[in-house]
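Heads up, the thing below is written out as structure tokens.
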Amino acid sequence: MTFALPIIPPDRITGLVRGAPSAGGGIELPVFYPATGAQVSTLIEDDARAVDAAVAAARTAFDRGPWPGLGVPQRIEVLEACRETILTHAEELARLECAATGLILRELRERHIKRAAYNFRFFAEFISQSAGQSFDQTPGYMTTVSRVPVGVAALIAPWNAPVALATMKIAAALAFGNTCVLKPSEQTPLALARLVALLQDVLPEGVLNLVNGRGPVTGAALVAHEGVDRVSFTGGTETGRAIMSAAGRNLVPCTLELGGKSANMIFASADLDRAVDGALLGIFSNNGQQCLAGSRILVERSVFDEVLGRFTERAGRLRVGDPLAAETELGPLASAAHRDRVLSYVGIAQADGGRVVTGGTRRDDLGAGYFVAPTAVTVPTNAARVAQEEIFGPFATFLPFDSTDEAIAMANDTQFGLVSYVWSDHLPTVMRVSGAMRSGVVWVNTPMMRELRAPFGGFKTSGVGREGGASCEAFYTEERTVTIPTTPPPLRKLGLGDAP
Ligand code: NDP
């Protein structure tokens with residue numbers, strides 16, 4: 001079986017610096033369509049010199065270009081034009097995104113690309129409401145605090161939702177007057193390369209630059225560059241550690257949006273129909289590849305068998321296959337290596353005494369793409385590796401609990417702390433559990449409701465800093481305090497002694 005390509009992408013993908021192809025200098029890297037395993041394009045890697053040129057372009061645009069000093073109404077107009085550009089090219093961007101990620105085209109059209117456009121509108125609206133502060137409590141003085149752009153932002157985007165996640169970073173960095181250099185994942189550069197090219201028509205020269213290549217090569221050169229003032233990263237926890245140490249040497253602040261092993265707690269007091277729907281969405285949407293997945297499903301023992309049975313039955317009926325088909329619910333994983341890594345957790349679960357209740361296999365009947373059957377396992381304890389490690393695939397780990405205290409303890413017994421899900425119609429349980437979670441986000445009786453005004457990010461190894469309206473403003477600006485005497489008071493006079 002061979003699925004049709006969503007689009008024929010350009011043969012070669014390069015970075016973009018001041019709107020022109022970047023210097024490259026690195027190796028050529030294949031880009032594959034995950035639904036067929038066919039190579040669809042070739043990426044030209046940017047080496048450290050090419051990264052240097054991109055940072056220099058962003059620096060020049062910041063130091064000498066119009067962007068940081070543009071009035072807010074003008075900046076809003078440009079952000080709105082970015083949104084329009086995305087919407088005008090929505091179908092092309094969705095298809096390019098599909099061609100490198102294997103994400104379902106319908107989802108890309110309805111959610112990712114719309115979100116990408118909205119990211120620009122959101123930050124345009126946000127800056128229209130931002131204001132500085134002034135303090136006049138000390139008689140005779142006025143002190144103002146304004147937020148000023150920081151400079152050059154390095155933006156590192158992952159492969160699981162490249163356009164939706166990168167545009168959050170781009171829109172935020174630009175809205176607050178910065179210039180930037182974006183590095184997508186080398187596996188999924190297609191839609192972002194096109195988007196950056198399209199945005200050159202609406203942004204001043206050098207404001208948004210693109211470099212491509214492997215994380216340890218291009219990404220590492222970018223985050224360690226002395227011309228960078230902020231680093232915003234979404235990706236794995238181990239990469240986050242490397243990035244924070246590199247940026248730390250330059251005393252550059254980072255936001256790191258990292259991994260998760262989020263507890264999805266289903267209490268007997270829940271609306272079980274809704275909880276099962278939410279559990280399926282929480283682990284199988286986005287082809288199972290999402291940091292906020294509810295991958296550790298903890299169920300109160302009295303309803304454990306019922307919930308597991310209903311979940312398993314529905315998981316077995318998920319329509320796995322062609323990302324272009326309207327009925328598909330689960331597409332391929334992003335790469336062959338990632339598929340193999342996800343499936344390696346089947347043996348790991350069994351070695352820890354776990355049992356596979358559904359899936360756990362490749363779907364080679366679907367051809368050479370990176371398809372995996374929706375998988376659920378039960379394990380005897382929360383210490384099992386599949387209950388502790390981020391798998392980042394369509395792989396749910398089930399565990400029973402006997403009391404609210406035990407649910408809370410198990411949910412928090414992890415190195416991660418991104419999201420917790422609580423399903424219960426008993427208000428005291430909801431209040432108690434949500435108040436006890438050591439996670440940056442708690443979703444009650446709903447999966448994955450991201451409110452952009454609210455901070456999003458993790459406790460513990462799930463991240464550093466937050467993304468969202470005011471959090472991004474704090475991150476992408478510096479505060480400058482100016483004090484002026486309004487009615488200049490007399491100053492203490494020094495140096496009026498006798499001359500020596
Ligand atoms: P990474 O964290 O390595 O990749 C994310 C981004 O960081 C990519 O653009 C990558 O480039 C880049 N990168 C990698 N190393 C460096 C570096 N030293 N300096 C700068 N940039 C770098 O994710 P992986 O692909 O390795 O995935 C590993 C695991 O991470 C997944 O299995 C999953 O558990 C988790 N993950 C979490 C995500 C989230 O949303 N929080 C997103 C993606 C992964 P390139 O890909 O080109 O090498």
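Computed from a predicted structure; not experimentally measured. Order of listing sets the numbers, starting from 1, for every ligand and every atom in it.
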Contact region, A157 to ligand 1, non-hydrogen atoms below 4.0 Å, reads backbone

Looking at ligand 1, is there an atom of it that comes within less than 4.0 Å of some heavy atom belonging to A246?
no

TODO: Could you tell me whether R230 sits above the aromatic face of Y476, with NZ or CZ closer than 6.0 angstrom to the six-membered ring centre and within 45 degrees of the axis?
DONE: no

Would you check whether F233 has a nitrogen or oxygen atom less than 3.5 angstrom from a nitrogen or oxygen atom of ligand 1?
no

In ligand 1, the atoms that come under 4.0 Å of a heavy atom of P158 are 42 (C), 43 (C)

Heavy atom of G260, distance to ligand 1 below 4.0 Å: no

Close N or O approach (L258, ligand 1; < 3.5 Å): yes

**Asked** Below 4.0 angstrom, N of the basic side chain to O of the carboxylate: do D52 and R59 qualify?
**Response** no

Contact region, I243 to ligand 1, non-hydrogen atoms below 4.0 Å, reads side chain

Practice prompt. Would you check whether T234 has a nitrogen or oxygen atom less than 3.5 angstrom from a nitrogen or oxygen atom of ligand 1?
Written response: no

>> Does ligand 1 come near enough to G215 that some N or O of the ligand is less than 3.5 Å from an N or O of the residue?
In response: yes

- request: Answer with yes or no whether R341 contacts ligand 1, where contact means a heavy atom under 4.0 Å from a ligand atom.
  value: yes

Would you say H338 contacts ligand 1, with heavy atoms under 4.0 Å as the rule? yes

Review point. So is there a nitrogen or oxygen of T239 less than 3.5 Å from a nitrogen or oxygen in ligand 1?
Key: yes

Residues passing the salt bridge (Lys or Arg N to Asp or Glu O under 4.0 Å) test with E91, sequence neighbours excluded, are R95, R109

Heavy-atom proximity to atom 20 (C) of ligand 1, picking from P162, G235, A221, G219, points to G219

Is it the case that over 12 heavy atoms from other parts of the model lie below 6.0 angstrom from the CZ atom of R438? no

Check the pair D47 / R49 against salt bridge (charged side-chain N to carboxylate O under 4.0 Å, His left out), numbers first and verdict last. CA-CA 6 Å; D47 66 10; R49 280 180 55 194; 5.8 Å; no

Could you tell me whether some N/O pair between E186 and ligand 1 is separated by less than 3.5 angstrom? yes

Contacts of E205 meeting salt bridge (Lys or Arg N to Asp or Glu O under 4.0 Å) (sequence neighbours excluded), chain-then-number -> none

When T218, V217, N212 are each screened for side chain to side chain contact (heavy atoms under 4.5 Å, CB included) with R214, the one that passes is V217

Counting heavy atoms not belonging to E226, are there more than 12 under 6.0 Å from its CD? no

Checking heavy-atom distances from atom 40 (O) of ligand 1 to each of G259, P189, C291, the winner is C291

Is it the case that more than 12 heavy atoms not belonging to M244 sit under 6.0 Å from its CE atom?
no

Here the atoms of ligand 1 under 4.0 Å from any heavy atom belonging to N160 are 40 (O), 42 (C)

Taking only non-hydrogen atoms of S185 and a 4.0 Å limit, the atoms of ligand 1 in range are 8 (C), 9 (O), 45 (P), 46 (O), 47 (O)

* Examine distances only and state if a side-chain atom of T397 and a backbone atom of V386 form a donor-acceptor pair shorter than 3.5 Å. => yes

Per-atom filter on ligand 1: closer than 4.0 angstrom to a heavy atom of E257 are 41 (N)

Ligand 1 and G213, any nitrogen or oxygen pair closer than 3.5 angstrom? yes

Kindly indicate, with the supporting measurements, whether the criterion side chain to side chain contact (heavy atoms under 4.5 Å, CB included) is fulfilled by S295 and E390.
CA-CA 8 Å; S295 51; E390 184 174 47; over 6 Å; no

